[in-house]
Amino acid sequence: QVTLVESGGGSVQAGGSLRLSCVASGPTASAYRIGWFRQAPGKEREGVAATFPVNGATYYADAVKGRFTISRDAAKNTLYLQMNNLKPEDTAVYYCAAGRLRLTLRWADPSLCDYWGQGTQVTVSS
């Protein structure tokens with residue numbers, strides 16, 4: 001029953017930046033992995049970035065490496081996604097998600113997530 005609420009989406013020009021936030025409530029200790037997914041028009045939902053609080057490990061999709069940074073503020077129960085040098089290909093609805101502990105390393109598989117936010121639209125124009 002973890003609840004996630006995203007914010008920070010908007011419309012920017014290519015090369016611009018946005019910071020997405022996700023505030024969590026409920027039994028957040030059950031969120032072994034937390035991260036961001038996105039779904040663009042006509043495409044499947046894909047993993048963008050994830051982190052495992054137990055060891056601080058982070059993972060990024062190849063398409064965003066070097067441009068996006070995932071971080072969290074445990075005291076505020078908030079997850080962030082700093083997005084720099086945005087490209088039109090980044091246009092999508094971005095979702096915050098969390099999953100319970102599983103015996104898998106498939107961090108980017110949306111089917112393994114147990115909790116989802118409502119999504120926030122990011123639009124990048126040329």
Side-chain angles (χ1 to χ4, degrees):
Q1 59 189 50
V2 172
T3 299
L4 306 172
V5 180
E6 305 99 329
S7 64
S11 181
V12 299
Q13 292 187 313
S17 299
L18 286 172
R19 173 173 282 184
L20 305 184
S21 299
C22 173
V23 179
S25 61
T28 56
S30 65
Y32 181 72
R33 70 184 73 186
I34 50 179
W36 295 91
F37 291 76
R38 67 185 182 186
Q39 188 162 18
K43 300 186 68 176
E44 297 294 316
R45 189 168 299 186
E46 62 180 356
V48 176
T51 185
F52 291 73
V54 68
N55 60 13
T58 58
Y59 300 88
Y60 296 92
D62 288 342
V64 307
K65 285 182 178 178
R67 300 188 297 119
F68 291 10
T69 302
I70 188 171
S71 62
R72 72 185 187 98
D73 186 333
K76 297 180 179 180
N77 280 338
T78 301
L79 181 72
Y80 302 98
L81 183 67
Q82 178 66 46
M83 305 184 294
N84 297 327
N85 192 23
L86 283 161
K87 303 176 180 180
E89 307 92 272
D90 297 317
T91 295
V93 176
Y94 283 70
Y95 298 89
C96 177
R100 297 187 295 268
L101 176 64
R102 288 179 166 86
L103 299 178
T104 179
L105 297 177
R106 292 156 53 196
W107 66 268
D109 187 347
S111 69
L112 301 181
C113 295
D114 301 292
Y115 315 104
W116 293 90
Q118 81 287 355
T120 185
Q121 177 70 47
V122 171
T123 302
V124 185
S125 60
S126 301

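Side chains included, hydrogens not; waters and symmetry mates left out as well; all remaining heavy atoms used.
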**Student:** Kindly compute the distance separating NZ (Lys43) from OG1 (Thr91), expressed to the nearest 0.5 Å.
**Tutor:**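 So the gap between those two atoms works out to 11.0 Å.
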
**Student:** If we ignore hydrogens and angles and just use 3.5 Å, is the side chain of Tyr32 paired with the main-chain N or O of Val54 as donor and acceptor?
**Tutor:**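 Flag not set: sc Tyr32 to bb Val54 has no pair under 3.5 Å.
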
**Student:** For the atom pair OG (Ser126) and CD (Gln13), what is the distance rounded to the nearest 0.5 Å?
**Tutor:**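 Interatomic distance, Ser126 OG to Gln13 CD, rounded to 0.5 Å: 9.5 Å.
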
**Student:** Determine the minimum heavy-atom distance between Pro88 and Ala14, stating which atoms define it.
**Tutor:**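 The pair with the smallest heavy-atom distance is CD-CB, 4.1 Å.
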
**Student:** Does any N or O in the side chain of Thr51 come within less than 3.5 Å of the main-chain N or O of Thr58, such that one atom is a donor and the other an acceptor?
**Tutor:**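 A pair under 3.5 Å: no.
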
**Student:** If you take all heavy atoms of Asn77 and Thr28, which pair is closest and at what distance?
**Tutor:**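 Answer, listing the atom of Asn77 first, then Thr28: OD1-OG1, 4.0 Å.
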
**Student:** Check whether any side-chain N or O of Arg45 sits under 3.5 Å from a backbone N or O of Pro110 as a donor-acceptor pair, and report yes or no.
**Tutor:**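 The answer is no, because no donor-acceptor pair under 3.5 Å joins these two groups.
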
**Student:** Please find the pair of heavy atoms, one from Gly9 and one from Val122, that lie closest to each other, and give the distance.
**Tutor:**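 Taking Gly9 first and Val122 second, the nearest heavy atoms are CA-CG2, 4.2 Å.
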
**Student:** Determine whether Leu112 and Trp107 satisfy the following criterion, side-chain contact (heavy atoms from CB on, under 4.5 Å), listing intermediate values before the conclusion.
**Tutor:** CA-CA 8 Å; Leu112 301 181; Trp107 66 268; over 6 Å; no

**Student:** Please tell me whether Phe37 and Trp116 form a close aromatic pair, meaning their ring centres lie under 6.0 Å apart.
**Tutor:**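 Here the rings of Trp116 and Phe37 have centres that are less than 6.0 Å from each other.
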
**Student:** Hydrophobic clustering (ILVMFWY, side-chain heavy atoms < 4.5 Å, transitive) - are Tyr80 and Leu20 grouped together?
**Tutor:**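 No.
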
**Student:** So, using side chain to side chain donor-acceptor pair (under 3.5 Å) as the criterion, who are the partners of Asn84 when residues are at least two apart?
**Tutor:**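 If we apply the side chain to side chain donor-acceptor pair (under 3.5 Å) test to Asn84, skipping adjacent residues, the hits are Ser17, Gln82.
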
**Student:** Does anything in residues 30-76 form a disulfide (SG to SG under 2.5 Å)? List the pairs, not counting sequence neighbours.
**Tutor:**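 Pairs touching residues 30-76 that pass the test: none.
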
**Student:** Between Leu79 and Leu4, does the side-chain contact (heavy atoms from CB on, under 4.5 Å) criterion hold? Intermediate values first, please.
**Tutor:** CA-CA 10 Å; Leu79 181 72; Leu4 306 172; over 6 Å; no

**Student:** For the residue pair Gly47 and Ala61, what are the closest heavy atoms and their distance?
**Tutor:**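 So the minimum-distance heavy-atom pair works out to O-CB, 3.5 Å.
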
**Student:** Nearest heavy-atom pair of Leu86 and Leu18: which atoms, and what distance?
**Tutor:**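 Nearest pair, atom of Leu86 first, then Leu18: CD1-N, 3.9 Å.
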
**Student:** Applying side-chain contact (heavy atoms from CB on, under 4.5 Å), run through Trp36 and Glu6 and close with a yes or a no.
**Tutor:** CA-CA 10 Å; Trp36 295 91; Glu6 305 99 329; 3.8 Å; yes

**Student:** More than 12 heavy atoms of other residues, nucleotides or ligands under 6.0 Å from CD of Gln121: is that the case?
**Tutor:**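 Counting other residues, nucleotides and ligands, CD of Gln121 exceeds 12 neighbours.
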
**Student:** Side chains of residues 92-100: which donor-acceptor pairs under 3.5 Å do they make with residues two or more places apart or in other chains?
**Tutor:**
unit_1 : atom_1 : unit_2 : atom_2 : d
Tyr94  : OH     : Arg38  : NH1    : 2.9
Tyr94  : OH     : Asp90  : O      : 2.7
Arg100 : NH1    : Tyr115 : OH     : 3.4
Arg100 : NH2    : Asp114 : OD1    : 3.3

